[in-house]
Amino acid sequence: MKVSLIAVIIGILTGVLIGVYTLLLNGLSNAFYGGNSILDYYGIPRWALIAVPMAGGLLVGAIRKYYLKQHYGVESVIEASALHGGRLKVKYAIGEAFLSVISIGTGGSAGKEAPGVLMGAGTGSLASKIFNQRGKSLRVYLGCGAAAGISAAFNAPLAGIVFVVEVIFGELEAKTFIPIVLSSIFSTFVFQAFFGSDALSFPHYSLQQPFYEFWLFPVLGILAGIASVLFIQCFYFVRERFQKLNISSVFKPAIGGLMVGAIGYYFPQVLGLGYDVILDVVANPFPIALLLSLMVLKTAAFSFTIGSDGAGGSIVPSMFVGAMLGAAFGLVCDMLLPGLSISQGAYAIAGMGAVFAGTSNAAFTSIILLMEMTQDYGLVLPFMTACILSNAVARAFNRDTIFTEMLKRKGYHIRGGREIDVMESILVKDSMYAHPQTIFEDNTIEALNAIMQSSKHAGFPVLNRSGELTGLVTIEDMQERVDPENEEQRIKDIMTTDVFVAYPFETLDVVLDRMVSCDVSRLPVVMKSNPKKMVGIITQKDVMNAYNKSVMTKVRRVGEEAEKEESEDEYERAKSEPDSKEK
């Protein structure tokens, strides 16, 4: 009950925070780019717009250097979840989010959804401190806040929930699901009730000739996957160039802002969030050359904004790029296949979700998001196809997403919400259960049924009378292969003989990959020299328990080091106070 109440509070506070954030961002954007802008009021020439993102970048650089001192993003929330037990520095998370108001409001090409995740995660961490929560609950509340942030920003509560499962946690646990759902619901409700909704929403589309037109969406998915890879590579290429610049960090976002301003002078569509441009492209046909130009230039503008250490997120820019790609693809298909009467808006929406899926490894989030934004399930199959294929193509080129690539460059290898380095350091023999419950192959089905009813396990290794491993029998085998008419049927008649196994000196990352790829939850552990000799069994739960234990040990050590540093700082301050009084 207490967990659910705290989750509701996190959702309400996050909804309010994102509402205030949205008002500030809209106000600053209108001040420089609205109908009655500051430049129009004072008669300042249009070319001065080039300097607006530069001025915003300079202010961002100064605040970051002298106040925040470090960059925070979605990758920081993933890091906090996977490596720090859910601990996130509230000051930096919320400070970074509101820093993006300056960056985006002055024309920086970035999204507000990642700042929304930061505000939510920061709120979750703050609630943990206020209510004096410890242990695993910290990670739960971090996820609650992140889900609430996405939900309110996109007006998509289901997408917020799935985003946390896919991107932040990498798994779904029953005990975390209800709090995350509550935070997501209340955040969306509060934002809609008090601030309205400026999230993207689209008209309904349908395929005129679905049998023929459906096959165009897999092609779009492949193209979106390639575009996703190029989007990520361009960003990190620009980021590396800025990191190598031998100038003060205060001026780097200003240089990035100047580059964005120069692009925006000729193509103002790339400035800011770009919501209005996406909606326009979905509703109206644009020249193909302009669509392709905007796709390239938005990628460049985003890279200059965030790569120069500006503030903002990558989600909406990736969706912008996808919308341009999808619309261009739809128009080309319409020219080549005029008999299909293609609606380019449907392809723009599909491309939007597909590029988001490719850059973030969030295929299911992107599918749910498209469904919530269109409020129409008529195109769910083609949308799913495009998103899944884009994700598959992007991961074929690079297993890391735009978020985890950042962590990889910091020395952390996180995949599926877990640090791979930790998994690589733990052996199967140290995590397996050495005395599993087994059953003989010549036992009757009745004996198996009795064991299953008295045991909490859903599967058992099967041995012959010599003690050698011959197979594995599970509840599924019982349900699918038992013949009620055959009283002579034995376990060897229904067991699975093609058994996937693990070896004692394999690492957990290898074993977990094997479980996932083979769709099994347990592996008998056998000697490599004698695959019939079983020495134990390892389950997905064993792998997760070993991982969590290792991470918590690491978190405890990091916490002890932090407390030690804080104590040393306090000692130094106390030591210097008498000297100050003497002066």
Side-chain angles (χ1 to χ4, degrees), residues 136 165 170-178 416 418 423 426-550 552:
K136 293 181 180 180
V165 173
E171 63 180 352
L172 175 63
E173 296 179 2
K175 62 185 176 183
T176 64
F177 183 71
I178 293 176
R418 307 286 176 181
M423 308 283 267
I426 305 173
L427 298 177
V428 169
K429 70 181 185 67
D430 298 321
S431 308
M432 69 181 188
Y433 182 58
H435 304 288
Q437 192 171 7
T438 60
I439 192 167
F440 290 111
E441 63 181 8
D442 56 1
N443 280 9
T444 64
I445 300 301
E446 289 183 5
L448 175 61
N449 191 38
I451 291 176
M452 284 192 169
Q453 288 181 357
S454 63
S455 173
K456 61 181 180 179
H457 301 298
F460 304 91
V462 181
L463 309 178
N464 60 23
R465 289 297 173 177
S466 300
E468 295 176 327
L469 178 69
T470 58
L472 193 71
V473 65
T474 64
I475 289 178
E476 288 80 6
D477 295 325
M478 285 272 290
Q479 294 171 341
E480 296 173 5
R481 300 179 184 177
V482 170
D483 181 5
E485 305 294 329
N486 186 359
E487 296 180 359
E488 301 298 322
Q489 197 171 23
R490 304 288 171 175
I491 291 173
K492 63 183 178 182
D493 299 324
I494 68 166
M495 70 182 185
T496 300
T497 55
D498 186 15
V499 180
F500 299 100
V501 298
Y503 302 106
F505 291 93
E506 284 185 309
T507 53
L508 294 190
D509 64 308
V510 174
V511 170
L512 185 59
D513 279 345
R514 188 174 302 147
M515 287 179 178
V516 173
S517 61
C518 300
D519 193 25
V520 296
S521 59
R522 60 183 58 78
L523 296 174
V525 182
V526 300
M527 298 302 295
K528 211 161 193 175
S529 57
N530 182 8
K532 295 291 185 182
K533 183 179 180 181
M534 192 180 73
V535 294
I537 195 166
I538 188 164
T539 65
Q540 283 190 4
K541 185 177 180 180
D542 295 328
V543 173
M544 293 300 104
N545 286 342
Y547 172 85
N548 290 332
K549 183 178 178 181
S550 179
M552 290 310 297

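Numbers here are sequence positions counted from 1.
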Could you report the tightest heavy-atom contact between [X] and [Y], atom names first, then the distance?
| X | Y | value |
| --- | --- | --- |
| Val473 | Met495 | CB-CB, 4.3 Å |
| Phe460 | Ile439 | CB-CG2, 4.4 Å |
| Ile426 | Ala546 | CD1-O, 3.8 Å |
| Pro524 | Phe500 | CD-O, 3.4 Å |

Do [X] and [Y] have side chains that get closer than 4.5 Å, going by heavy atoms?
| X | Y | answer |
| --- | --- | --- |
| Leu448 | Ile494 | yes |
| Pro531 | Val501 | no |
| Asp477 | Thr496 | yes |
| Ile445 | Met478 | yes |
| Ile538 | Tyr433 | no |

Mind checking side-chain contact (heavy atoms from CB on, under 4.5 Å) for Leu427 and listing every partner two or more places apart, or none if nothing turns up?
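If we apply the side-chain contact (heavy atoms from CB on, under 4.5 Å) test to Leu427, skipping adjacent residues, the hits are Lys429, Asp430, Phe505, Thr507.
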Identified side chain to side chain contact (heavy atoms under 4.5 Å, CB included) partner of Met432 from the options Val525, Val543, Ile537, Thr539
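Of all the options given, the one that passes is Val525.
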Check for a donor-acceptor pair, side chain of Ser454 on one end and backbone N or O of Ile451 on the other, with a separation under 3.5 Å.
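Yes; judged by distance alone, with no hydrogens or angles, the pair exists.
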Would you find a donor on one side and an acceptor on the other, under 3.5 Å apart, between the side chain of Gln540 and the backbone of Met515?
no
Apply the test side chain to side chain donor-acceptor pair (under 3.5 Å) to residues Glu476 and Thr474: give CA-CA distance (whole Å), side-chain angles for both, the deciding distance (0.1 Å), then the verdict.
CA-CA 5 Å; Glu476 288 80 6; Thr474 64; 3.1 Å; yes
Can you list the residues that meet the side chain to side chain donor-acceptor pair (under 3.5 Å) rule with Thr438, with sequence neighbours excluded?
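Partners of Thr438 under the side chain to side chain donor-acceptor pair (under 3.5 Å) test: none.
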I need the full list of salt bridge (Lys or Arg N to Asp or Glu O under 4.0 Å) pairs touching residues 519-531, with sequence neighbours left out, sorted by first then second residue.
none
Residues pairing under salt bridge (Lys or Arg N to Asp or Glu O under 4.0 Å) where one sits in residues 492-506, two or more places apart or in two chains, turn out to be Glu506-Arg514
Side-chain donor-acceptor pairs under 3.5 Å in residues 465-472, sequence neighbours left out?
{"from": "Arg465", "atom 1": "NE", "to": "Asp442", "atom 2": "OD1", "distance (Å)": "3.3"}
{"from": "Arg465", "atom 1": "NE", "to": "Asp442", "atom 2": "OD2", "distance (Å)": "3.1"}
{"from": "Arg465", "atom 1": "NH2", "to": "Asp442", "atom 2": "OD1", "distance (Å)": "3.1"}
{"from": "Arg465", "atom 1": "NH2", "to": "Asn443", "atom 2": "OD1", "distance (Å)": "3.4"}
{"from": "Glu468", "atom 1": "OE1", "to": "Asn464", "atom 2": "ND2", "distance (Å)": "3.1"}
{"from": "Thr470", "atom 1": "OG1", "to": "Glu441", "atom 2": "OE1", "distance (Å)": "3.2"}
{"from": "Thr470", "atom 1": "OG1", "to": "Val462", "atom 2": "O", "distance (Å)": "3.2"}

Nearest 0.5 Å please: distance from the CE atom of Met544 over to the OG atom of Ser431.
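That separation rounds to 10.0 Å.
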What residues form a salt bridge (charged side-chain N to carboxylate O under 4.0 Å, His left out) with Asp542, not counting sequence neighbours?
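Testing Asp542 for salt bridge (charged side-chain N to carboxylate O under 4.0 Å, His left out), a comparison that skips the adjacent residues, returns none.
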Other residues, nucleotides and ligands only: do more than 12 of their heavy atoms fall within 6.0 Å of CZ on Phe440?
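Result for CZ/Phe440: enclosed.
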